Structures are given as C-alpha cells and as structure tokens.
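In the text below, chain A, chain B and the rest are named by the order of the sequence lines, each starting its count at 1. Bear in mind that the values here come from a model prediction, so they are computed numbers and not experimental data.
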Number of protein chains: 2
Amino acid sequence: MGAGEEAMSATANPAKRADARRNEKALLDAAASVFVTDGVDAPVRRIAAEAGVGMGTIYRHFPTRADLVVAVYRHQVEACAEAGPALLATATSPFAAMGQWVSLFVDFLVTKHGLAAAMRDDPDGFAALHALFLDRLVPVLADILSAARDAAEVTADVTAYQLLRAIGDICAGAERVDPEYDARLTVRLLLEGCRR
Amino acid sequence: MGAGEEAMSATANPAKRADARRNEKALLDAAASVFVTDGVDAPVRRIAAEAGVGMGTIYRHFPTRADLVVAVYRHQVEACAEAGPALLATATSPFAAMGQWVSLFVDFLVTKHGLAAAMRDDPDGFAALHALFLDRLVPVLADILSAARDAAEVTADVTAYQLLRAIGDICAGAERVDPEYDARLTVRLLLEGCRR
DNA sequence: CGAATATACGGAGCAGTGTTCCGATTGGCA
DNA sequence: TGCCAATCGGAACACTGCTCCGTATATTCG
C-alpha cells in the first residue's frame with residue numbers, strides 16, 4: 001500500500017525549502033480551521049485563501065483533498081486506535097470495551113462535518129484515508145471483537161470491517177442534525193444485534 | 001405539509017396545454033431511464049437532452065430535482081407501503097413480517113443508484129421525497145413495529161422513524177459495490193438488536 | 001558577497017456543474 | 001384565420017475542481 005508514503009510526503013520534511021515548509025504548515029492550520037466551519041467539502045479556493053496561498057500551492061502539497069484530510073486527522077485516528085487495547089484491559093468485559101471503543105469512534109466521526117459522508121461518496125478519492133482506517137482501526141476492532149467472541153459475548157458472524165463500515169455509514173447519515181434521530185441509539189442496537 | 005401539492009403539480013393535469021403534457025411525460029420517461037444508468041445525481045442537461053427538451057422546460061415542470069425524483073418513484077414507494085399490511089397478515093410472526101417488509105424497502109433503495117445518499121446529502125432539496133417517506137412508509141413500519149411489540153418480539157425503545165432512517169443510511173452507504181460489505185447483514189443485525 | 005539554479009509560488013484559465021432569464025415559438029380559442 | 005397567452009429553448013451566469021506555466025525566491029556555489 002502506497003497510502004502511507006503518499007500522506008507521509010505531506011508531513012514535515014527537512015529537505016524542503018523553508019517557504020515550502022511554512023506554507024505546508026499554514027495549509028494544515030487553515031484546512032483544520034475551515035473543515036470545522038465548512039466541513040471537509042469546503043471549496044479548495046477557500047482553504048487556499050485562508051492560508052494565504054495560491055491554488056497551485058495547495059495542489060502541489062496535497063495533490064488530492066484526501067491527502068489534506070488525512071494529514072489533518074491522522075493523529076486523531078492514531079489516538080482512537082491506541083485507545084483500543086487500553087479499553088480492552090480496563091473494561092468490565094470485552095463487549096463493554098467494544099461499546100466504549102465504538103463510542104470513541106463515533107465521537108471522532110460526528111465531530112468532523114461530512115467526513116464519513118465524504119469518504120462514503122468518494123471512496124476512490126479518499127482511498128488514502130480509507131487505507132488509514134483499514135490499517136489502524138480495523139485491526140483494533142478485530143482484536144476487541146475476537147476477545148468478545150472468546151468470552152461468548154458475541155456470536156454473530158460479522159467481521160470487524162463490516163462493523164466499522166456500518167458504523168461509519170450510520171454516522172455519515174447522522175451528520176445532519178435532527179432531534180428525532182439519534183445515531184448512537186442505532187449503533188447501540190447494532191452492537192446489541194451482534195451480541196444476540 | 002405542502003410537499004404533497006408540490007409534487008402533485010408535476011403530475012398529469014388536463015388543464016395544461018398539449019405540448020406541456022407531452023413534454024412532462026417525455027421528461028419522466030427520460031429521467032427514469034437516466035436515473036437507472038447514471039443515478040439520481042445525473043446532470044440536468046443529460047436528462048433534458050434525453051427528453052429532447054431545453055433547460056428551461058425541465059425547470060418549469062420540475063422546479064427542483066426532488067420533484068422529478070418523487071414523480072418518478074412515487075408509485076414504487078406506494079407499492080412498498082401497501083405491502084406492509086399484507087405481510088403482517090401472512091407472515092408467521094410480526095417480527096418476520098418486519099424482516100420481510102424491511103427487505104422490500106432495502107430492495108427499493110439499493111436498486112436506485114444514489115437515491116438514499118442523495119436524500120441524505122441534500123435533505124432540504126429532497127424535502128418532498130422525505131415527506132413522502134414520512135407520510136407513507138413510517139406509519140406502515142410503525143404498525144408492524146407495534147404489532148411486534150405487542151407480541152413481545154421487540155422490546156427495544158426505538159421508533160419507526162429512527163429505524164427507517166437508520167436503514168436508509170445503511171443503504172446509502174452500501175450503494176458503492178464492495179464484496180467485503182453486505183448492507184443486508186448490517187440491517188439484519190440491527191433488527192436483531194431491536195428484538196433483544 | 002553576488003550570481004546561478006533548482007525549487008516553489010500564484011492565479012489565470014479550462015471544463016463541468018446547477019440555475020435563471022427572456023426572446024422565439026406554438027397551441028388553443030374566438 | 002388571426003391573436004394572445006402559455007410554453008419552449010438555450011445562452012448566460014455563478015460556482016465548483018483542477019492544471020499549467022511565467023514569475024519569484026531560497027539555497028548553493030564561486
């Protein structure tokens with residue numbers, strides 16, 4: 001998978017020129033800021049303007065929008081992944097750990113306007129982000145799931161990928177606010193369905 | 001709710017001029033055809049071209065894309081709604097009826113490229129379609145759900161709307177083909193979670 | 001310190017959307 | 001038949017994502 005190197009090329013690199021590094025930083029800050037207010041689908045021009053750079057600059061540093069998104073959210077995904085083993089060790093049961101970890105994942109998704117939806121709608125463009133999720137999050141959930149299965153708390157024949165993506169889709173649909181609808185309840189019912 | 005009248009204005013109306021009625025029919029046929037191949041997000045120009053009319057004509061008959069979509073799919077939604085009571089009467093149990101009806105609904109959604117996703121992504125634009133679902137489908141599922149509850153087959157505290165929307169979101173996410181992911185399995189797990 | 005060179009920058013420009021607007025056309029009626 | 005209002009067609013505008021290349025500048029070397 002080249003996804004790792006791709007995104008890596010957009011991180012701090014001492015071999016670059018000083019202004020290039022400066023602009024990259026400015027773009028990351030601007031993108032993070034704009035993503036919060038306008039969502040990850042914000043116009044490229046707006047991000048460039050916010051960073052005070054031209055169109056060419058943004059595309060040179062981040063050839064695709066996904067590269068920018070990955071760079072902005074990478075450490076948060078990392079934190080979510082690292083929380084998995086810890087929860088498994090401290091929770092009262094593997095199923096409880098699963099519930100807590102999933103809750104963490106849902107938190108991450110719902111606070112990023114349109115992230116889940118964008119990934120769903122443009123899987124090719126966001127292949128790098130998709131790969132990041134697959135590489136870091138699926139194994140974590142797989143471990144928890146397997147522990148829950150060993151404890152006979154989960155019997156449903158479902159894979160970690162299937163579960164993670166289902167949760168992603170549910171959150172993608174819940175990014176629009178609606179007091180009548182509660183994505184967390186849906187996710188809870190889904191987990192309950194796995195328990196059986 | 002003005003949604004009903006809105007969409008109604010786009011159905012056959014004998015008071016219109018002959019060419020207007022002819023063009024409306026041509027647009028409906030063209031849209032139905034294009035939706036199948038290009039999805040409900042197909043460019044407006046393409047639909048107009050397929051129908052052999054100009055841009056102005058399509059916007060006069062169907063001010064919003066949702067009006068066109070509603071007109072095209074209205075009878076299919078109707079059929080899905082009417083199947084509810086029948087299933088409830090013939091199925092071995094209310095929960096079984098729920099499973100069968102939901103399967104019908106999933107069938108409807110997954111065969112319309114991007115329908116669920118479009119509704120999810122542009123809830124305001126597709127308000128008329130949303131209203132159609134609320135008016136026709138939610139009550140049907142509510143009846144089945146209440147029957148299942150009476151039979152003590154469902155104990156989860158979930159509304160028909162919540163359930164219907166969750167299924168819609170899951171299908172919206174599954175419209176992209178992926179052999180690893182099975183939306184129907186997710187939906188089955190969700191229903192299982194309601195059973196408890 | 002002052003060129004020379006590779007690196008990076010900026011934004012005009014292209015292509016593809018949705019949507020509006022108004023002059024041209026045509027159906028239906030007197 | 002002739003007229004008028006209803007209807008049509010598509011040019012035009014605003015907004016996207018993305019590319020391309022002349023210009024500017026950081027870095028290096030003499």
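Taking the six-membered ring for Trp and thresholds of 30 and 60 degrees, B:F108 and B:F133 have ring planes inclined between 30 and 60 degrees apart.
Positionally, the nearest nucleotide of DNA chain D for B:D19 lies more toward the 5' end than for the other of B:R45 and B:D19. Both A:V53 and B:R46 lie near DNA chain C, and the one whose nearest nucleotide falls closer to the 5' end is A:V53.
Taking atom CZ of residue B:R22 and atom C1' of nucleotide D:dA6, one finds them 13 Å apart after rounding to whole Å. Going from atom CD1 of B:I47 over to atom P of C:dT17 covers 12 Å, rounded to whole Å. The CD1 atom of A:I58 sits 13 Å away from the P atom of D:dT19 (whole-angstrom rounding). If you measure from atom CZ of B:R65 to atom C1' of C:dT20, you get 16 Å, rounded to the nearest angstrom.
Counting only heavy atoms from C-beta on, A:P43 has its side chain closest to D:dT16 among D:dT16, D:dC8, C:dA8. With D:dT7, C:dA8, D:dT27 as the choices, the nucleotide that has an atom nearest any side-chain atom of A:K16 turns out to be C:dA8. Of the candidate nucleotides C:dG11, D:dG17, C:dG10, D:dG17 has the atom nearest to the side chain of A:Y59. Of the candidate nucleotides C:dC9, C:dT19, C:dG27, C:dG27 has the atom lying nearest to any side-chain atom of B:R17. With C:dT20, C:dA8, D:dT19 as the candidates, the nucleotide lying closest to the side chain of A:M55 is D:dT19.
Here A:T57 reaches the OP1 or OP2 of C:dG10: one of its side-chain N or O atoms lies under 4.0 Å away. Taking only side-chain nitrogens and oxygens, A:N23 never comes nearer than 4.0 Å to OP1 or OP2 of C:dA8. Contact annotation: B:H61 does not reach the phosphate of D:dT7 (side-chain N/O to OP1 or OP2, under 4.0 Å).
A side chain to side chain contact (heavy atoms under 4.5 Å, CB included) with B:V77 is found for exactly one of B:V70, B:D135, B:L137, namely B:L137.
Listed for the A:R120 side chain is no donor-acceptor partner under 3.5 Å among the backbone atoms of A:G173. Using a distance-only test at 3.5 Å, with no hydrogens or angles considered, no donor-acceptor pair links the side chain of B:R74 to the main chain of B:L132.
Using a 4.0 Å heavy-atom distance criterion, B:R60 is classed as a base contact. Among the atoms of the strands shown, only primed sugar atoms or phosphate atoms (P, OP1, OP2) are found under 4.0 Å from some heavy atom of A:A42.
Heavy atoms of other residues, nucleotides or ligands lying less than 6.0 angstrom from CG of A:D157 number 12 at most.
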